[in-house]
Asks: 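Handing you a structure now.
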Amino acid sequence: MSTHANHPFHLVDYSPWPLTGSIGTMTLVAGIVKWFHQFDMTLMFLGLIIVLLTMYQWWRDISREGTFQGLHTHNVTIGLQWGMILFIVSEVFFFLSFFWGFFHSSLSPSIELGMNWPPMGIEPFNPFMIPLLNTAILLSSGVTVTWAHHSLMENNFTQTVQGLFFTVILGIYFSMLQAYEYVESPFTIADSIYGSSFFMATGFHGLHVLIGTTFLLICLIRHMNFHFSASHHFGFEAAAWYWHFVDVVWLFLYIFIYWWGS
């Protein structure tokens, strides 16, 4: 199809990826159920491979549309920005539900919890050890991603690469420390409402860190392939917004669940 039109909007071409994505997701969920009940991970890995291949090819097509075909006009970019803003707002309410559940249980512990928080038998983490280090890591990564953004707007290719590289490394380091903390945890997700609240909130945040790290790694690869310019880099901007959101959520997790909640 021709990339030229008499309007500033992007009408997408036919694409197989929504269909393959749906098939991959259905296979993945069915595979997880099979793994839980029959301890067989084959179907789950098949679904995961289909999803990953779909993601790669779908993202590749969108990068081509925005970078080489010129389909991401000013109007389209504004629409993408609003889409990302609304997505982050939905994520805010997603985490709000976990905090609501945490405060509901911790501010007025029930008789079943021994009217005590944390419940008897729960040994919480020391907030001034690994959690504090992770806080410093994420705050530092917020600085490096902002450095990368400003360098990109100033057409400084090298410093943008450096800023993104350090942000990705810090994200990986955070995930490694979080995994170590989980392995060494003195309680589990099955240990009262405290364990459920802790692992659901920090676990989903950890998942968001992994997604954000992948997002920024892809931006680093795209930048090294000269996909971004000072005036046309919304893919990177969206990743930076998402990363700052992840930073802010962690600050609330650290202050209320690790520090105040212990």
Side-chain angles (χ1 to χ4, degrees), residues 21 25 28 48 51-52 54-56 58-60 62-63 66 77 80-99 130-153 159-182 198-225 227-228 233-258:
T25 305
L28 178 62
L48 186 62
V51 169
L52 291 174
T54 299
M55 285 165 57
Y56 171 76
W58 204 342
W59 293 348
R60 177 204 63 192
I62 292 170
S63 297
T77 303
L80 292 172
Q81 288 173 344
W82 274 109
M84 192 66 194
I85 289 167
L86 291 172
F87 169 68
I88 291 174
V89 168
S90 74
E91 292 281 275
V92 168
F93 281 97
F94 175 76
F95 278 100
L96 185 64
S97 65
F98 294 125
F99 283 108
I130 288 179
L132 184 60
L133 176 58
N134 267 344
T135 303
I137 289 167
L138 271 193
L139 289 176
S140 301
S141 72
V143 173
T144 55
V145 78
T146 304
W147 169 34
H149 191 191
H150 282 272
S151 300
L152 180 56
M153 290 191 292
Q159 287 200 16
T160 306
V161 171
Q162 292 170 348
L164 274 171
F165 174 76
F166 286 126
T167 308
V168 170
I169 292 299
L170 288 168
I172 293 169
Y173 187 29
F174 176 93
S175 297
M176 291 170 63
L177 287 174
Q178 187 92 59
Y180 173 76
E181 186 179 67
Y182 279 10
F198 177 87
F199 280 105
M200 286 296 287
T202 60
F204 269 111
H205 177 268
L207 177 63
H208 282 69
V209 170
L210 291 173
I211 293 168
T213 305
T214 307
F215 203 170
L216 289 164
L217 178 61
I218 290 166
C219 286
L220 175 59
I221 294 167
R222 289 188 64 195
H223 177 66
M224 293 177 74
N225 284 290
H227 285 195
F228 298 136
H233 56 263
F234 177 68
F236 171 75
E237 236 176 11
W241 292 356
Y242 187 84
W243 195 251
H244 287 308
F245 159 74
V246 167
D247 282 355
V248 171
V249 169
W250 175 258
L251 287 176
F252 280 98
L253 285 172
Y254 176 73
I255 290 169
F256 293 116
I257 293 183
Y258 279 101

Asks: CE of M224: more than 12 outside heavy atoms within 6.0 angstrom?
Replies: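 Not more than 12 within 6.0 Å, no.
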Asks: For atom CZ of F99, is the number of surrounding heavy atoms from other residues, nucleotides or ligands below 6.0 Å larger than 12?
Replies: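 Yes, because the 6.0 Å sphere around CZ of F99 holds more than 12 heavy atoms from other groups.
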Asks: Hey, does H233 have a side-chain heavy atom less than 4.5 Å from the side chain of H149?
Replies: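 Heavy-atom side-chain distance check passes, below 4.5 Å.
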Asks: Counting only heavy atoms not in Y56 (residues, nucleotides, ligands), do more than 12 fall under 6.0 Å from its OH?
Replies: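 No, the 6.0 Å shell around OH holds no more than 12 heavy atoms from other groups.
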Asks: In terms of the angle between their ring planes, are W250 and Y258 parallel, tilted or perpendicular, with boundaries placed at 30° and 60°?
Replies: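 Aromatic pair W250/Y258 classed tilted.
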Asks: Can you check whether N134's main-chain N or O pairs, donor with acceptor, with Y254's side chain at less than 3.5 Å?
Replies: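 Not confirmed, Y254 side chain does not pair with N134 backbone.
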Asks: If you draw a 6.0 Å radius around CZ in F245, do more than 12 non-hydrogen atoms from other residues or ligands fall strictly inside?
Replies: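 Yes, CZ of F245 has more than 12 neighbouring heavy atoms, counting only those of other groups under 6.0 Å.
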Asks: So F204 and F98, would you call those rings parallel, tilted or perpendicular, with 30° and 60° as cut-offs?
Replies: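 F204 vs F98 ring planes: parallel.
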Asks: Could you tell me whether the side chain of D247 reaches within less than 4.5 Å of the side chain of L139, counting heavy atoms only?
Replies: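 Side-chain contact under 4.5 Å: no.
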Asks: Give a yes or no on this: more than 12 heavy atoms of other residues, nucleotides or ligands lie within 6.0 Å of atom CZ of F95.
Replies: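 Yes, enclosed.
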Asks: On the 0 to 90° scale, with breaks at 30° and 60°, tag the Y242-F87 ring pair as parallel, tilted or perpendicular.
Replies: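 Rings of Y242 and F87: parallel, under 30°.
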Asks: With no hydrogens and no angle check, just 3.5 Å: does a side-chain donor-acceptor pair link Q178 and H205?
Replies: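 Side-chain D/A pair, Q178 to H205: absent.
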Asks: Examine the side chains of Y182 and T202 and answer whether a donor and an acceptor come within less than 3.5 Å of each other.
Replies: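 Their side chains do contain a donor-acceptor pair, which is all the 3.5 Å distance test asks for.
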Asks: If only side-chain N and O atoms count, and only distance matters, is there a donor-acceptor pair under 3.5 Å linking T167 with T144?
Replies: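 Yes, because at least one side-chain N or O of T144 sits under 3.5 Å from a partner of the opposite role on T167.
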